[in-house]
Amino acid sequence: MPNAASVIGENGHVATVVNDRLFDKIAAIGALQARLEHAGVRIEETNDIIAGLEDLREQRNARTLKYADVFRAELASTIETLETEIGITERRIEILNRAVNRQRNLRQRNVAADAAVDEAELRLSELESSRSRLSSSLAYAKIRQEAARDGVYIEADGSDPNWAQETDFALERQLLEVQARKRDAQQEERELTTLLETERKAFERLSRAEILVPAGAVIESVHVTPGETVAAGDVLLRWVDCSIVLVDVPVSDAELPLIQPDMRARVIMEGESNEQEATVLLTRGAAATLDRDDLASVAKGRQEGVAQVIVRLEETDFDGECPVGRAAYVDFPDVGLIDVMRARLRL
């Protein structure tokens, strides 16, 4: 804490106010941190469960792929067998056709009996029927093979294989439930993170405040000592920014209309002989003058019924000293004695 009359350095820091009684805020931050940690633990737990369930699903899928490989291989073997059997049957039909023709020729010459011819023709009919069945089975097997390439597996009787129907609905349902729990925990984690950040910012804002004033300002008075307890609204210190120097000039209400903003003024500080240029900043009637709450210092002649002119000095270099509180003589070159007299006489 600087002393009275101290000049503030470039950083503008004059004091730090610390509030060490924010017990509710501290408790709220602690509770949010605990909930945030719990949400993180829940997310980790669901990650472990999901990893385990996905591993089980991968094992099941791998087993299904093996079944599919065996199914396709077995179907290819069936097709190959059918093609071989069809080839053998066709050769047998070809041979039997020749035998039937010979029996018929012999019967025409009355060498072979009708019964022998009929028996040969019956055997030929059976082979042709067998070839038809084998061809139908081969065509159906090829349809099944084409479907298997697209991931559709059909047994010979038209049903789906048991392993193709195998779906662990309980596993899938559990996986969906755990994933939903994870999303809920992640949403809670995001919300708690935002709340915790808000609470921490509020705690920082309420627990510590750096008091800054313009660099080069002069401390006029100090109202507290280091370590003292203060309440909201207490005055810690008063300071004056000497980069802008104003002069409070008492004038009568009759003279006030003669003085306008931006009008020139000349100021001679008490104890000095050189004049300083100034400019009228504002004028106030006797009923609305600025007082000690608004100005660092007021003129000695300030009293009720006296109007006010505030002028601003153009030059503010006072060799490192701030002239607050010093008396000064102020003249308005554009306002003559006759003008004042006429104003007072209301002429």
Q.
Filter on salt bridge (charged side-chain N to carboxylate O under 4.0 Å, His left out), then keep only pairs touching residues 209-219, sequence neighbours left out; what's left?
A.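 Passing the test, one end in residues 209-219: Arg208-Glu210.
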Q: Sorted by first residue and then second, give each salt bridge (charged side-chain N to carboxylate O under 4.0 Å, His left out) pair with at least one member in residues 77-93; sequence neighbours left out.
A: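 Qualifying pairs, neighbours excluded: Glu83-Lys142.
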Are any side-chain N or O atoms of [X] and backbone N or O atoms of [Y], one a donor and one an acceptor, separated by less than 3.5 Å?
{"X": "His13", "Y": "Ala15", "answer": "yes"}
{"X": "Ser252", "Y": "Glu255", "answer": "yes"}
{"X": "Asp150", "Y": "Val152", "answer": "no"}
{"X": "Ser136", "Y": "Ser132", "answer": "no"}

Decide if atom [atom1] of [X] counts as having more than 12 heavy atoms of other residues, nucleotides or ligands within a radius under 6.0 Å.
{"X": "Arg131", "atom1": "CZ", "result": "yes"}
{"X": "Arg312", "atom1": "CZ", "result": "no"}
{"X": "Glu74", "atom1": "CD", "result": "no"}

(Q) Test of understanding: clusters of I, L, V, M, F, W, Y form through side-chain heavy atoms closer than 4.5 Å, transitively. Do Met263 and Val247 belong to the same one? (A)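 The answer is yes; both residues are in one hydrophobic cluster.
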(Q) Do Ile43 and Leu196 land in one hydrophobic cluster if side-chain heavy atoms of ILVMFWY residues count as linked below 4.5 Å? (A)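 Each belongs to a different hydrophobic cluster.
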Q. For Arg266, which residues count as a side-chain contact (heavy atoms from CB on, under 4.5 Å) partner, sequence neighbours excluded?
A.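 Per chain and number, Arg266 pairs via side-chain contact (heavy atoms from CB on, under 4.5 Å) with Glu275, Glu277, Asp331, Pro333.
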Q.
Restricting to side-chain contact (heavy atoms from CB on, under 4.5 Å), what partner residues turn up for Val230, sequence neighbours left out?
A.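 Once residues adjacent in sequence are excluded, the partners of Val230 under the side-chain contact (heavy atoms from CB on, under 4.5 Å) criterion are Val17, Val224, Asp234, Leu236.
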Q: Determine, stepwise, if the pair Ile29 / Phe203 fulfils side chain to side chain contact (heavy atoms under 4.5 Å, CB included).
A: CA-CA 9 Å; Ile29 290 174; Phe203 178 78; 3.7 Å; yes
Q: Provide the closest heavy-atom pair for Glu155 versus Tyr140 in the form atom of the first, atom of the second, distance.
A: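 Taking Glu155 first and Tyr140 second, the nearest heavy atoms are O-OH, 3.5 Å.
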Which residues pass the side chain to side chain donor-acceptor pair (under 3.5 Å) test with [X], not counting sequence neighbours?
{"X": "Asn105", "value": "none"}
{"X": "Asp160", "value": "none"}
{"X": "Arg133", "value": "Ser129"}
{"X": "Asn11", "value": "none"}

Going by salt bridge (Lys or Arg N to Asp or Glu O under 4.0 Å), name the residues that satisfy it together with [X], two or more places apart in sequence or in a different chain.
{"X": "Lys25", "result": "Glu199"}
{"X": "Glu197", "result": "Lys201"}
{"X": "Glu10", "result": "none"}
{"X": "Arg181", "result": "none"}

Q | Worked check of side chain to side chain contact (heavy atoms under 4.5 Å, CB included) between Arg35 and Glu188 | A | CA-CA 9 Å; Arg35 291 176 59 191; Glu188 184 180 3; 4.1 Å; yes
Q: Could you walk me through whether Tyr153 and Leu75 pass side chain to side chain contact (heavy atoms under 4.5 Å, CB included), step by step?
A: CA-CA 10 Å; Tyr153 303 97; Leu75 188 56; over 6 Å; no
Q. Among Gln179, Arg183, Lys182, which residue meets the side-chain contact (heavy atoms from CB on, under 4.5 Å) test with Thr46?
A.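 Of the listed residues Gln179, Arg183, Lys182, the side-chain contact (heavy atoms from CB on, under 4.5 Å) partner of Thr46 is Lys182.
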Q.
Run the side-chain hydrogen bond (donor to acceptor under 3.5 Å, both in side chains) test on Glu191 and Gln187 for me, step by step, so that the C-alpha distance in whole Å, both residues' side-chain angles and the decisive distance to 0.1 Å come before the verdict.
A. CA-CA 6 Å; Glu191 293 175 355; Gln187 177 64 27; 3.0 Å; yes
Q: Begin from the C-alpha positions of Ile268 and Asn274 and carry the test side chain to side chain contact (heavy atoms under 4.5 Å, CB included) through to its verdict.
A: CA-CA 6 Å; Ile268 301 178; Asn274 57 311; over 6 Å; no
Q. Between Arg123 and Glu126, is the closest basic N to carboxylate O distance under 4.0 Å?
A.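 Answer for the salt bridge query: no.
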